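A short write-up of the structure that comes next.
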Amino acid sequence: MADEIFGKVAAMKSQILSAEAADADQLEAFRIQYLGTKNSIKPLFAEMKNIANERKKEFGQELNELKKVAQQRYDELKAATQQSGDASETVDIDLTAPPGELQVGARHPVSIVMNRIINIFTKIGFSVEEDREIEDDWHNFTAMNTPEDHPARDMQDTFYLKDSTTRLLRTHTSSVQARVMTTRQPPIRIIAPGRVYRNETISSRSHCQFHQVEGLYVAEDVSFADMKQTLLYFAREMYGPETKIRLRPSYFPFTEPSAEMDVYWGLKTEDDYRITKGTGWLEIMGCGMVDPQVLTNCDIDPEKYSGFAFGMGIERQAMLLYNITDIRNIFENDVRFNRQFRSVI
Ligand code: DAH
C-alpha cells in the first residue's frame with residue numbers, strides 16, 4: 001500500500017519535471033494543476049494516515065520536495081515563455097531575403113561645379129579661403145571701394161540683420177578679398193567659394209541665395225595680361241581645350257579697369273540661341289585689376305603691389321552644364337532632383 005503511494009509521488013514528480021508550456025495559457029494550466037488552491041499535490045498529504053509511522057517522515061519530505069520541484073519548474077517555464085514571447089514580437093526577419101538596394105548619396109550640382117572650379121585653380125597655386133556669410137558693411141562694401149553714398153550700393157539689394165545697419169548677409173564673395181588682404185601681405189593667391197545673398201524676387205532665373213567663387217591674385221608686377229592668361233586657362237579647363245574667351249569693358253567699384261568675361265558657347269542648336277541671346281557668347285564672370293584704393297583700404301602698398309580679381313556665379317554655370325531650367329530646383333533639395341546627379345563625381 002505505502003509503496004503504491006510512494007510510486008504516485010514519484011510519477012507526479014517526473015510528470016512535473018517533463019512538463020512543457022508552449023504559451024502563457026499552458027503555463028497558467030500548469031500553475032493551476034500544481035500550485036493552485038486545488039492543486040494535485042494537496043490530496044497526497046491526506047495519504048499520510050495510510051503511511052506507517054516509521055516512514056511518515058520520509059513521506060513528508062517527499063511531498064515537500066514535490067512542492068519545491070513544482071515551483072521550480074513553474075519558474076523555469078515562465079522564464080522560457082516570456083523569452084520566446086518577446087522574441088516572436090521583435091525577431092520577425094527573413095534571413096534568406098536578398099538585401100535591399102543600397103542608398104548611395106548624390107553630390108549636389110552646385111558642389112560638383114564648385115569642386116571643379118576649385119580643382120582648376122588649386123592646380124596653378126591658388127589656395128582656398130572660406131569666410132563668414134554674416135559680414136559687416138566695411139568688408140562687404142566700404143573696403144571694396146563702395147562707400148555708403150556710392151551708387152553701386154544700389155546694384156545689390158542687401159539683407160541687413162534685424163536691428164542692424166552694419167551687419168548683413170554678404171552680397172558677394174568679394175568681402176573675402178578684404179578679409180584676406182587685411183590679415184596678410186602679398187603675395188596673395190586665393191579663391192573664395194561660398195554662398196551669397198541678395199534681396200531678389202525668386203523666379204526660375206534668380207534666387208535670393210546663390211554661390212560664387214571669388215579669385216584674388218596680388219603680388220609685384222601683376223598685369224592685365226596675367227589675368228587674361230589665367231582666365232583663359234580656367235575657361236579651357238572648364239569648358240574644353242578649344243574654348244574661346246573675350247573680355248568686354250565693364251564697371252565694378254573694386255577693379256580698375258574692369259571687364260566681363262564671356263566664353264564662346266556656339267550657336268548649334270535653338271537652345272544655344274536662347275541661352276546666348278543669339279550671340280553665341282556666354283557671360284561667365286566679372287574681373288579686373290584690383291583698384292589701388294582697395295589695396296590702400298586693406299593696408300597694402302599700391303606702389304609696390306598690383307593684382308587682379310574675379311568673381312563668378314556657380315548656379316548659372318551648373319544650370320548650363322546640367323541643363324537645369326529652373327534655379328529653384330537647386331535649393332529645394334527634392335531627392336528626385338538630387339538623385340539625377342548620382343553618377344556624376
Ligand atoms: N562681386 C561681383 C558681383 O558680385 C563680381 C566680381 C566682379 C568680383 C569683378 C570680382 C571682380 O572680384 O573683380 O557681381
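As the structure is a prediction and not an experimental result, all values here were calculated from the model. Each ligand, and each atom within it, is numbered from 1 in the order the structure gives.
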Through direct or indirect side-chain contacts below 4.5 angstrom among Ile, Leu, Val, Met, Phe, Trp and Tyr, which residues connect to Y197? I134, F159, L161, L169
What residues, two or more places apart in sequence or in another chain, satisfy ring-ring contact (aromatic ring centres under 6.0 Å, His included) together with Y264? W281
Check this for me - ligand 1, F252, N or O atoms closer than 3.5 angstrom, yes or no? no
Numbered atoms of ligand 1 (with element) below 4.0 Å of S174, judged on heavy atoms: 1 (N), 8 (C)
Looking only at distances, can you tell me whether any N or O atom of R198, backbone or side chain, sits closer than 3.5 Å to an N or O atom of ligand 1? yes
Within a radius of less than 6.0 Å around CG of D75, do more than 12 heavy atoms belonging to other residues, nucleotides or ligands occur? yes
Applying a heavy-atom cut-off of 4.0 Å, say which part of Q177 lies close to ligand 1: side chain, backbone, both or neither. side chain
Flag the pair Y34 / Y74 as yes when their ring centroid distance falls below 6.0 Å, and as no otherwise. no
Could you see which bit of E214 sits under 4.0 Å from ligand 1, with heavy atoms only: side chain, backbone, both or neither? side chain
For ligand 1, indicate whether the residue A309 contacts it via side chain, backbone, both or neither (heavy-atom separation under 4.0 Å). both
Under 3.5 Å, is there a donor-acceptor pair linking the side chains of N329 and D334? no
D226 and F308: which non-hydrogen atoms are nearest, and at how many Å? C-CE2, 3.9 Å
Say whether M144 and ligand 1 are in contact under the criterion: heavy-atom distance to a ligand atom below 4.0 Å. no
Considering distance alone, does some N or O of F254 sit under 3.5 Å from an N or O of ligand 1? no
